[in-house]
Amino acid sequence: MTEFTIASFNVKNLIGPDREYYRFQSYTPEEHAWKEDWLADQLLTMDADIIGFQEIFEEDALKNVIAETSARARDLNAATIPDRSKRYHRKAIFRKLAVEPYDTASLAFAPNTADTGEPGKRRPGLAILSRMGFAEPPEIIQDLPVPLDIAFPPLRGDDTDDAGFFRIRRLSRPILKARIPVGDTVITVFNCHLKSKLGEHITPPGAAFAPEQDLTNYDPAGRALGSLRAGLRRMAEAWVLRRAIVAELDQGRPVMVMGDFNDAEHSVSSEIITGEAPFKNYAWMLRHDAETPRDRYSDAENEQITEAIESVRLHSAEGFFARKSRRDMVFTSAFGGVYESIDQIYMSRHFHPDNPDRIGEMDYFSALNDHITDGSHPEAPYNKLASDHGQIMAHMRMRRGI
């Protein structure tokens, strides 16, 4: 039986000291040392086999954190794991106490293609760390070979055939796709960081900033339009990810998707990624080509449609946890007094506990969120050095004979 853990970790702006990532934002050597110490401590606590990292500006900064984690793991093992000379060294508890260093793990880094390296205008990438290595070189999805045009159909009564379209050529941040061997199975893992809810505003030619950014002349309609642009981009990025997921599922490959989705589980963008839930019974539904009120789908077609939908659905690890533990108090972010989960781990039905043909399932779900504070509360000041996201981890167990 193979057991493994898979985790998502938005580290919040990881970069070397004295390097300006956003305008006027950088870490002093002391702040960077504190952040590296905190990140290494979190990784040591997680001890995850597969980790998807978001907001990585520089690969070397992440490698330093991983190396520090491995050094701490070796020191901890030396202090807590008895050597073979001790008669009690075989006790099972010591297998649980041991922490595996990442010395032989593989790291895949996806830099942001929009990152020119210019101080103050940096753009973050992401990474996947795997103790199992990679079955093949990981793939980066960001610049689209063919622009994505999302056309809108005309409304009823509209006498024009052109209702406009929304186009994207590049994702705001890369998607990293890796095929990872777990026991005798290869799992396709996607790590993503979708567009945030931060509004996108257009700076007029010759201007120093967009008018909507001037909060002394607050423009509510203009600010709302910026949020609309961000939402459209996030949902378009979600569809690009969905297309890549379906391509893997169509080949019969088990899939896990993790990352910072910048939206809750039941948001439109998240449901684009996971796929639609099947209707209770399509035999009740009027056919798409109905010519009379009695034209409904047959029972056989109901089974066909349901299977087609279920075969490409993804399921939330957090949802499995809430169902299994009868708890639903999981959050990974806090802002403006709202605590919600915008970081998720989704998995295909290959891991669904109700699927008799499952290849594995989740035993437990961990959320490290004690460090999350909300700046709107004076008793919980915001810490700019720790991550502003909770870390989530699914504890998986593969079935025998798979």
Side-chain angles (χ1 to χ4, degrees), residues 1-9 43 46-54 56 59 62-63 66-67 69-70 100-111 113 125-145 171 173-193 240-259 273-275 311-315 317 344-352 355 357-363 392-402:
M1 182 183 302
T2 300
E3 297 180 353
F4 71 100
T5 48
I6 181 168
S8 182
F9 192 168
L43 286 184
M46 293 163 65
D47 190 25
D49 298 310
I50 303 169
I51 307 175
F53 297 97
Q54 301 90 41
I56 307 296
E59 184 179 12
L62 178 58
K63 286 182 175 179
I66 296 169
T69 304
S70 294
E100 184 179 347
Y102 291 102
D103 297 326
T104 60
S106 299
L107 178 67
F109 173 60
T113 55
L126 37 74
I128 294 177
L129 179 67
S130 170
R131 283 178 173 149
M132 295 88 156
F134 301 111
E136 57 191 55
E139 176 186 345
I140 299 172
I141 304 170
Q142 186 172 17
D143 286 342
L144 306 181
L171 309 186
R173 287 170 282 253
I175 295 169
L176 186 54
K177 169 188 167 185
R179 304 200 68 224
I180 298 177
V182 178
D184 296 329
T185 304
V186 176
I187 300 172
T188 301
V189 175
F190 290 92
N191 182 22
C192 70
H193 185 183
V240 172
L241 175 56
R242 177 64 176 168
R243 177 175 60 180
I245 292 168
V246 170
E248 291 297 300
L249 293 175
D250 283 346
Q251 297 181 67
R253 294 171 172 174
V255 168
M256 293 184 141
V257 184
M258 59 184 167
I273 293 168
T274 59
S311 67
V312 291
R313 281 183 73 194
L314 299 184
H315 305 272
Q344 296 284 347
I345 298 172
Y346 295 117
M347 55 192 77
S348 58
R349 69 170 176 176
H350 299 84
F351 306 97
H352 198 295
N355 179 11
D357 298 322
R358 64 191 180 278
I359 64 172
E361 59 188 287
M362 189 182 79
D363 279 340
I392 54 174
M393 180 165 64
H395 303 244
M396 307 298 300
R397 175 168 44 88
M398 304 296 282
R399 299 179 75 187
R400 285 189 176 94
I402 299 300

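A side-chain donor-acceptor contact under 3.5 Å links Gln54 to the backbone of Gly52. Between the side chain of Ser130 and the backbone N or O of Ser106, no donor-acceptor pair lies under 3.5 Å. Of the possible donor and acceptor atoms, none in the side chain of Asp363 sits under 3.5 Å from a partner among the backbone N and O of His395. A donor-acceptor distance shorter than 3.5 angstrom exists from the side chain of Asn191 to the backbone of Ala127, with no hydrogens or angles considered. The closest donor-acceptor contact from the side chain of Gln142 to the backbone of Leu171 lies under 3.5 Å. Looking at Asp143, its side chain never comes within 3.5 Å of a backbone N or O of Thr113 through a donor-acceptor pair. Distance alone, capped at 3.5 Å, places no donor-acceptor pair between the Arg179 side chain and the Val189 backbone.
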> Please walk me through it: do Ile140 and Phe109 pass side chain to side chain contact (heavy atoms under 4.5 Å, CB included)?
Replying inline: CA-CA 9 Å; Ile140 299 172; Phe109 173 60; over 6 Å; no
> Does the pair Thr274 and Gln344 meet the rule for a side-chain hydrogen bond (donor to acceptor under 3.5 Å, both in side chains), with working shown?
Replying inline: CA-CA 11 Å; Thr274 59; Gln344 296 284 347; over 6 Å; no
>> Would Tyr102 and Asp49 count as a side chain to side chain contact (heavy atoms under 4.5 Å, CB included) here? Give the steps.
In response: CA-CA 9 Å; Tyr102 291 102; Asp49 298 310; over 6 Å; no
> Between Arg131 and Asp47, is a salt bridge (charged side-chain N to carboxylate O under 4.0 Å, His left out) present by the stated rule, with each step listed?
Replying inline: CA-CA 10 Å; Arg131 283 178 173 149; Asp47 190 25; 2.6 Å; yes
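Of the inter-residue distances, the one linking Ile180 atom CD1 with Met256 atom CE reads 10.0 Å to the nearest 0.5 angstrom. The OG1 atom of Thr2 lies 7.0 Å from the CG atom of Asp184; values are rounded to the nearest 0.5 Å. Atom CD1 of Ile66 sits about 7.0 Å away from atom CG of Leu43, to the nearest 0.5 Å. For the atom pair Met398 CE and Thr185 OG1, the distance stands at 4.0 Å (nearest 0.5 Å). Of the inter-residue distances, the one linking Cys192 atom SG with Tyr346 atom OH reads 9.0 Å to the nearest 0.5 angstrom. Distance check: His352 NE2 to Met362 CE gives 11.0 Å after rounding to the nearest 0.5 Å.
Annotation: side-chain hydrogen bond (donor to acceptor under 3.5 Å, both in side chains) contacts of Ser348 (sequence neighbours excluded): His350. With sequence neighbours left out, the salt bridge (charged side-chain N to carboxylate O under 4.0 Å, His left out) criterion links Arg243 to no other residue.
Between Arg397 and Glu361, some side-chain heavy-atom pair lies under the 4.5 Å cut-off.
The residues Arg253 and Glu248 are annotated as salt-bridged, a charged nitrogen and a carboxylate oxygen being separated by less than 4.0 angstrom.
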